[in-house]
Amino acid sequence: MKFEKHTITNFHISFDKKAFHVELFKAEKQGSTLYWIEDDHYEIIWYSSDHHEEKIRDFLEKLHYHFEETLESIYNYVGGIFEIFIRNKENHKLLIVNDLYGVNGSFSLIKNNQLNFFLNFQNFNQLEVPLELDVIGLQAHFAFGYQVKPFPLPYKNITQIEGGKLHTFDSALKHETTALAINFSNNKPSFSLKNGMNATEKLFIGATAGKDSLALLSQVKEGSEYIKAGNFGNIYSADVIQGKEIAVNLDLEYKYTTLCDEDEFEHYARQIAMISGGLATVSYVDMLKFVDEGIPENYSYVMGEAGECVRMFFPEDTNLAKAMHNYLTPKEFLLDSFTNDYLGFLNQYPENISSAVAENYTGNSNAEILVNFYRNGRLPGNFGNRHKLLSVFRDKITPFLHEDFIKQTHNLPHERYENDKIHEQIIYDSNQDLLQFFKNPIKSEISVQGWNERISDDTGNVLYKLLEKHIHALKTVFDMEKVLQLVKKQQKSPNRGVYFLFRIVSMAIFVDSIKNAVAPCEKR
């Protein structure tokens with residue numbers, strides 16, 4: 001049996017009635033783990049940093065003896081973030097399954113009657129297809145700041161493989177889906193993240209003042225030889241102060257990286273745009289620099305995110321429209337930048353968004369609807385974008401989505417999520433010395449990234465320059481002069497408009513670059 005381990009930055013997988021072709025992209029000192037497995041019956045591409053080889057081989061053995069039953073109950077055996085492609089050589093069907101919430105779902109398009117799957121957009125120009133904007137997808141993207149069901153992606157004819165389902169494609173490319181379930185535990189919960197963290201021996205933990213990070217750090221033994229910790233940001237911010245203090249208390253080797261300067265901002269902004277397809281905000285520049293420069297290449301990275309799966313996304317069971325209003329892009333920024341073609345959408349905004357959430361995410365209360373939205377909407381959208389970015393640089397694991405943790409926590413009564421009770425229990429069970437940070441976290445008036453100050457200096461000038469160069473690519477969406485005026489306004493008086501601009505520049509860079517890249521192919 002072929003069993004190959006690769007470290008990749010992206011993949012392209014093509015499938016039609018004649019062929020199954022896999023192309024792996026690699027870069028020096030970058031990438032995440034992929035396994036390429038083949039025997040007489042199946043060819044399998046298994047992409048995940050959350051699974052060590054022994055766990056994969058154990059699952060493959062189950063798959064060999066009980067194929068359909070094992071796939072249908074996959075979430076009871078395999079958690080974390082992953083995606084698996086299985087080509088059945090006998091009937092030439094392609095089966096795809098990814099993590100429960102679809103965080104790692106690859107993108108797909110059809111070209112010349114062939115299915116093409118790609119992990120991220122970094123090598124999109126090699127697919128040689130035109131990039132067309134989707135009006136509804138664009139509206140939703142800039143309202144949320146990321147793509148989310150039930151709305152399409154901002155690009156026509158490109159879809160993302162959903163989580164929670166088994167996807168089957170026959171040789172004629174007919175697509176069928178089967179919903180997959182997970183068996184929640186009925187036993188008294190025993191909260192721990194250690195099973196998920198055991199996916200790797202060498203682990204780098206993002207140490208901050210956040211409660212997700214605190215729960216992760218509570219699982220670490222003092223002076224652990226193969227565990228390091230660190231963070232980035234303003235050295236006087238609460239995240240850096242508390243993160244370093246905890247790392248020192250745990251006797252862990254600590255690494256710190258500074259915020260991006262103007263040149264680094266442009267460099268990592270372009271990386272973000274090209275990897276995410278313009279779907280991720282360039283506010284991630286400092287985090288990307290941290291992962292790129294601060295984390296050793298042979299270490300897996302874990303950070304405090306996805307833990308809100310077991311926390312109340314909004315603290316009060318308040319009016320849904322009001323809750324979403326505080327979460328969505330303020331209407332003023334959309335009105336001041338979209339072209340007149342979007343007035344119909346804007347006249348109904350934000351009620352049209354909150355009603356779509358209420359219709360597509362179930363729950364017996366607003367609190368339940370919002371938790372469901374977080375897991376099934378925000379995780380694959382916002383969190384998925386960030387995960388794909390960081391995974392291009394380092395193996396990244398996600399213990400909060402390990403199957404054991406999900407089975408024990410995701411079906412609990414919602415009052416168990418209030419006041420971060422599950423996080424407190426994790427810390428209490430593992431390291432009670434850290435409860436002081438849970439109950440009285442270090443606070444600082446200085447933000448981690450300090451965007452308000454940075455946007456007013458040379459970083460703001462770089463942002464203006466990037467938009468001035470690339471915004472024409474989105475001229476059917478935005479009034480170009482108004483967008484540049486908004487930059488000037490934000491430089492003088494920064495507020496939430498800064499983050500709106502970060503999303504615009506990300507997509508503008510990508511769309512402009514891709515259109516230029518495919519133009520010669522179209523001419524030929």
How about [X] and [Y]: do any of their side-chain heavy atoms sit closer than 4.5 Å?
{"X": "F169", "Y": "K174", "answer": "no"}
{"X": "T329", "Y": "Y499", "answer": "no"}
{"X": "E468", "Y": "L484", "answer": "yes"}
{"X": "I406", "Y": "Y75", "answer": "no"}
{"X": "L109", "Y": "F124", "answer": "yes"}
{"X": "L463", "Y": "Q490", "answer": "no"}
{"X": "W451", "Y": "T459", "answer": "yes"}
{"X": "D512", "Y": "H472", "answer": "yes"}

For [X], enumerate each residue passing the ring pair (Phe, Tyr, Trp, His ring centres under 6.0 Å) test, keeping only those at least two apart in sequence or located in another chain.
{"X": "F500", "result": "none"}
{"X": "F15", "result": "H92"}
{"X": "F25", "result": "H12"}
{"X": "F405", "result": "F400"}

May I have the step-by-step check of side chain to side chain contact (heavy atoms under 4.5 Å, CB included) for I110 and N157, ending in yes or no?
CA-CA 8 Å; I110 296 178; N157 304 319; over 6 Å; no

Do C309 and H410 pass the side chain to side chain contact (heavy atoms under 4.5 Å, CB included) test, and can you show the C-alpha distance, the side-chain angles, and the key distance before you say yes or no?
CA-CA 7 Å; C309 286; H410 283 211; 3.5 Å; yes

Please confirm whether the backbone N or O of [Y] pairs with a side-chain atom of [X], one donor and one acceptor, at under 3.5 Å?
{"X": "N231", "Y": "A207", "result": "yes"}
{"X": "D50", "Y": "T398", "result": "yes"}
{"X": "N234", "Y": "S447", "result": "no"}
{"X": "D263", "Y": "D261", "result": "no"}
{"X": "D479", "Y": "K482", "result": "yes"}
{"X": "K388", "Y": "G105", "result": "yes"}
{"X": "D134", "Y": "P152", "result": "no"}
{"X": "R394", "Y": "I295", "result": "yes"}
{"X": "H51", "Y": "I81", "result": "no"}
{"X": "S506", "Y": "A280", "result": "yes"}

Mark yes when over 12 heavy atoms from residues, nucleotides or ligands other than [X] sit less than 6.0 Å from its [atom1]; otherwise mark no.
{"X": "N347", "atom1": "CG", "result": "yes"}
{"X": "K331", "atom1": "NZ", "result": "yes"}
{"X": "L173", "atom1": "CG", "result": "yes"}
{"X": "K29", "atom1": "NZ", "result": "no"}

Apply side-chain hydrogen bond (donor to acceptor under 3.5 Å, both in side chains) to [X] and list each qualifying residue two or more places apart in sequence or on a separate chain.
{"X": "K407", "value": "none"}
{"X": "T178", "value": "none"}
{"X": "S391", "value": "H387"}
{"X": "Q491", "value": "N461"}

Checking [Y] against [X]: is there a side-chain donor and acceptor pair closer than 3.5 Å?
{"X": "E83", "Y": "S106", "value": "yes"}
{"X": "T339", "Y": "K475", "value": "no"}
{"X": "T33", "Y": "S49", "value": "no"}

Go through F82 and Y35 one step at a time and tell me if the ring-ring contact (aromatic ring centres under 6.0 Å, His included) criterion holds.
CA-CA 11 Å; F82 66 90; Y35 292 91; over 10 Å; no

Contacts of D212 meeting salt bridge (charged side-chain N to carboxylate O under 4.0 Å, His left out) (sequence neighbours excluded), chain-then-number -> R311

Holding to salt bridge (charged side-chain N to carboxylate O under 4.0 Å, His left out), I want the full list of residues that pass it with E162, two or more places apart in sequence or in another chain.
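Listed in chain order: K149, K165.
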
Please test I45 against L34 for side chain to side chain contact (heavy atoms under 4.5 Å, CB included), starting from the C-alpha separation and ending with a verdict.
CA-CA 7 Å; I45 299 297; L34 176 143; 3.6 Å; yes

With ring centroids as reference points, do [X] and [Y] lie under 6.0 angstrom apart?
{"X": "F85", "Y": "F11", "result": "yes"}
{"X": "F373", "Y": "F144", "result": "yes"}
{"X": "F478", "Y": "F338", "result": "yes"}

Output the distance between atom [atom1] ([X]) and atom [atom2] ([Y]), rounded to the nearest 0.5 Å.
{"X": "L94", "Y": "I13", "atom1": "CG", "atom2": "CD1", "value": "8.0 Å"}
{"X": "R503", "Y": "N385", "atom1": "CZ", "atom2": "CG", "value": "11.5 Å"}
{"X": "M287", "Y": "C260", "atom1": "CE", "atom2": "SG", "value": "11.5 Å"}
{"X": "S48", "Y": "D395", "atom1": "OG", "atom2": "CG", "value": "8.5 Å"}
{"X": "L370", "Y": "R375", "atom1": "CG", "atom2": "CZ", "value": "12.0 Å"}
{"X": "D99", "Y": "Y101", "atom1": "CG", "atom2": "OH", "value": "10.0 Å"}

Residues in side-chain contact (heavy atoms from CB on, under 4.5 Å) with V135, at least two apart?
Q139, Y342

Run the side chain to side chain contact (heavy atoms under 4.5 Å, CB included) check on E293 and E264 step by step: do they pass?
CA-CA 12 Å; E293 298 182 1; E264 291 169 328; 4.2 Å; yes

For E403 against V78, the heavy-atom pair lying closest together
OE1-C, 3.6 Å

Minimal non-hydrogen separation, P350 against L328, with atom names
CB-CD1, 3.8 Å

Please collect all side-chain hydrogen bond (donor to acceptor under 3.5 Å, both in side chains) contacts where either partner lies in residues 266-286, sequence neighbours excluded, each pair once.
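Checked against side-chain hydrogen bond (donor to acceptor under 3.5 Å, both in side chains) - neighbours excluded - the pairs reaching residues 266-286 are E266-R270, E266-K465, Y268-D292, R270-H470, T281-S283, Y284-N382, D286-Q449, D286-R454.
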
